[in-house]
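Okay, so here's the structure we're looking at.
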Number of protein chains: 2
Amino acid sequence: MQIGQAAKASGVTAKMIRHYEAIGLVPSAGRQPSNYRDYDDADVHRLRFIRRSRDLGFPMDRIRDLLKLWSDRHRSSSEVKAIALAHVAEMETRIAHMREMADVLHALADACEGNGRPECPIIRGLEGSDAGGPRMPAYLPPGSVNH
Amino acid sequence: MQIGQAAKASGVTAKMIRHYEAIGLVPSAGRQPSNYRDYDDADVHRLRFIRRSRDLGFPMDRIRDLLKLWSDRHRSSSEVKAIALAHVAEMETRIAHMREMADVLHALADACEGNGRPECPIIRGLEGSDAGGPRMPAYLPPGSVNH
DNA sequence: ATGCACTTTCCCGTCGTGGCAAGGTCAAGC
DNA sequence: GCTTGACCTTGCCACGACGGGAAAGTGCAT
């Protein structure tokens with residue numbers, strides 16, 4: 001099976017398959033006499049696993065860990081669960097961050113008449129009366145989770 | 001005022017001030033005889049506007065538009081509001097996407113016993129019966145970068 | 001005169017992906 | 001044969017929004 005077939009079968013572009021090989025996420029594919037990469041169903045299965053993981057938002061590092069566990073018959077499901085829950089927690093943090101930004105901006109927009117005149121609470125909000133601390137973040141950054 | 005002072009006063013790092021100048025988001029700063037950049041309060045005000053906009057997740061393109069409107073005395077608040085609401089809508093879309101990923105993964109994690117045995121619904125979910133569909137859009141929005 | 005804090009420009013790395021270029025390989029049609 | 005077209009190869013550049021760091025210049029205090 002050539003790379004294009006594997007791409008269609010797995011939902012991962014040929015470009016990305018080569019990239020994953022380059023960063024060691026998938027083993028180096030065998031070669032046909034033409035020097036074209038050669039794939040079998042197991043390879044496609046692995047690629048599909050990667051694609052599903054990406055679809056769930058996992059970063060490559062975690063996918064690497066998941067792949068190790070996947071092919072480990074002696075894994076503990078607790079290890080898998082820990083990775084999954086850590087990722088969920090990260091996403092929840094990001095969601096909370098975006099939620100806050102969206103809410104603040106939505107509130108500003110609600111206060112704005114949206115007519116032909118220049119007066120605008122959104123602009124005033126962006127100018128910020130927040131002139132105080134130079135280093136204080138107005139939102140919670142992804143690093144500082146409130147546990 | 002040198003760039004370090006402007007950075008502290010605005011909350012934008014010196015590095016970023018130079019970057020914003022390079023991409024034309026702020027005008028080229030004047031220079032002292034030493035060739036050091038020279039800033040005044042108006043420059044700091046503008047930088048603070050940019051920082052607040054970034055804190056609300058606006059991408060640079062939209063900030064560019066906001067800056068134009070900010071310095072336009074004949075703006076309509078409706079233009080500002082339109083930009084703000086478009087951005088809110090974008091964020092809501094991203095939030096919904098992440099919400100969905102987090103929920104799916106959370107459901108898989110709930111179904112996983114998380115014990116010492118290898119059997120794991122998360123892994124099974126990642127293997128996925130979902131064959132070669134097209135890839136979903138990138139999950140990580142530019143607004144959620146660590147800095 | 002030496003040290004230190006600040007500045008300058010420039011280049012590289014992030015992360016996951018798309019795009020393009022220049023060339024190799026193979027089957028089909030003329 | 002010879003061309004066309006579809007596939008493959010490697011490789012480099014780009015994105016957004018920065019951070020890091022090198023190598024060199026500037027300014028002030030000791």
Side-chain angles (χ1 to χ4, degrees), chain A residues 1-26 28-39 47 50-64 87 90-91 94 97-98 101 137 139 141-143, chain B residues 1-26 28-39 47 50-64 87 90-91 94 97 101 134-147:
Chain A
M1 199 192 248
Q2 289 184 353
I3 199 171
Q5 256 73 45
K8 269 175 203 153
S10 66
V12 177
T13 65
K15 191 91 191 200
M16 279 302 102
I17 295 175
R18 282 188 281 254
H19 179 63
Y20 292 158
E21 182 181 321
I23 65 175
L25 205 64
V26 300
S28 293
R31 299 294 180 130
Q32 295 167 346
S34 57
N35 195 36
Y36 289 1
R37 287 176 180 79
D38 197 13
Y39 296 92
L47 289 167
I50 294 173
R51 186 180 82 88
R52 295 273 299 163
S53 302
R54 293 278 323 128
D55 286 350
L56 287 178
F58 282 101
M60 306 312 284
D61 288 7
R62 294 214 204 268
I63 295 180
R64 212 179 285 269
H87 180 53
E90 260 183 41
M91 283 198 287
R94 293 209 201 106
H97 180 199
M98 292 220 271
M101 294 193 297
Y139 57 92
Chain B
M1 197 190 247
Q2 290 186 350
I3 199 171
Q5 257 73 45
K8 270 175 202 154
S10 66
V12 178
T13 65
K15 193 92 190 195
M16 281 302 101
I17 295 175
R18 282 187 281 255
H19 178 63
Y20 291 157
E21 181 182 321
I23 65 175
L25 204 65
V26 299
S28 293
R31 298 294 179 130
Q32 293 167 349
S34 58
N35 194 35
Y36 289 3
R37 286 176 180 79
D38 196 14
Y39 297 91
L47 288 168
I50 294 173
R51 186 178 81 90
R52 296 273 299 166
S53 302
R54 293 276 328 127
D55 286 349
L56 287 178
F58 282 101
M60 305 313 285
D61 290 6
R62 293 213 204 269
I63 295 179
R64 213 178 285 269
H87 180 53
E90 259 182 42
M91 284 197 287
R94 294 206 202 109
H97 181 200
M101 295 193 297
R135 262 196 62 78
M136 296 180 72
Y139 71 96
L140 213 172
S144 63
V145 184
N146 297 349
H147 41 113

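Letters A, B, ... mirror the listed sequences (proteins, then strands); counts begin at 1.
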OP1 or OP2 of [N] sitting under 4.0 Å from any side-chain N/O of [X]?
X     : N      : result
A/R18 : C/dG16 : no
B/R51 : D/dC18 : no
A/R54 : C/dT17 : yes
B/R37 : C/dT8  : yes

Rounding to an integer number of Å, can you tell me how far [X] [atom1] sits from [N] [atom2]?
X     : N      : atom1 : atom2 : value
B/H19 : C/dC10 : NE2   : C1'   : 15 Å
A/H87 : C/dC15 : NE2   : C1'   : 14 Å
B/L25 : D/dA17 : CG    : C1'   : 12 Å
A/R64 : C/dG16 : CZ    : C1'   : 13 Å
A/R31 : D/dC8  : CZ    : P     : 12 Å
A/M60 : C/dG13 : CE    : P     : 19 Å
B/I50 : D/dC18 : CD1   : P     : 10 Å
A/E21 : D/dC8  : CD    : P     : 14 Å

Atom CD1 of A/I50 and atom CG of A/L25: how far apart are they, to the nearest 0.5 Å?
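So the gap between those two atoms works out to 4.0 Å.
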Rounded at 0.5 Å granularity, tell me how far CE in B/M60 sits from OG in B/S53.
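So the gap between those two atoms works out to 9.0 Å.
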Quick one: does [X]'s side chain get under 4.5 Å of [Y]'s, heavy atoms only?
X      : Y     : value
A/M16  : A/R51 : no
B/E21  : B/R18 : no
B/M91  : B/R94 : yes
A/M101 : A/M98 : yes
B/R64  : B/I23 : yes

Any stems for DNA chain C, made of 3 or more Watson-Crick or G-U pairs in a row, each with both distances under 3.5 Å?
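When the pairs of DNA chain C are grouped into runs of at least three, the stems are C:1-30 with D:1-30.
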Which nucleotide sits closest to the side chain of B/Y20: D/dC18, D/dA17, D/dT9?
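Among D/dC18, D/dA17, D/dT9, the one nearest the side chain of B/Y20 is D/dC18.
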Is there a donor-acceptor contact under 3.5 Å from the side chain of B/H87 to the main chain of B/R62?
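Side chain of B/H87 to backbone of B/R62, a donor-acceptor pair under 3.5 Å: no, none is there.
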Mark yes or no for whether A/D38, through its side chain, and A/R31, through its backbone, hold a donor-acceptor pair below 3.5 Å.
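Not at all, since once roles are kept as given, no pair shorter than 3.5 Å links the two residues.
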Of B/G4 and B/K15, whose closest DNA chain C nucleotide lies nearer the 5' terminus?
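Looking at DNA chain C, the more 5' nearest nucleotide goes with B/G4.
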Heavy atoms under 4.0 Å is the rule here; annotate nucleotides 25-30 of chain D 5' to 3' with B where the base is hit, S where only the sugar-phosphate is, and - elsewhere.
BBS---
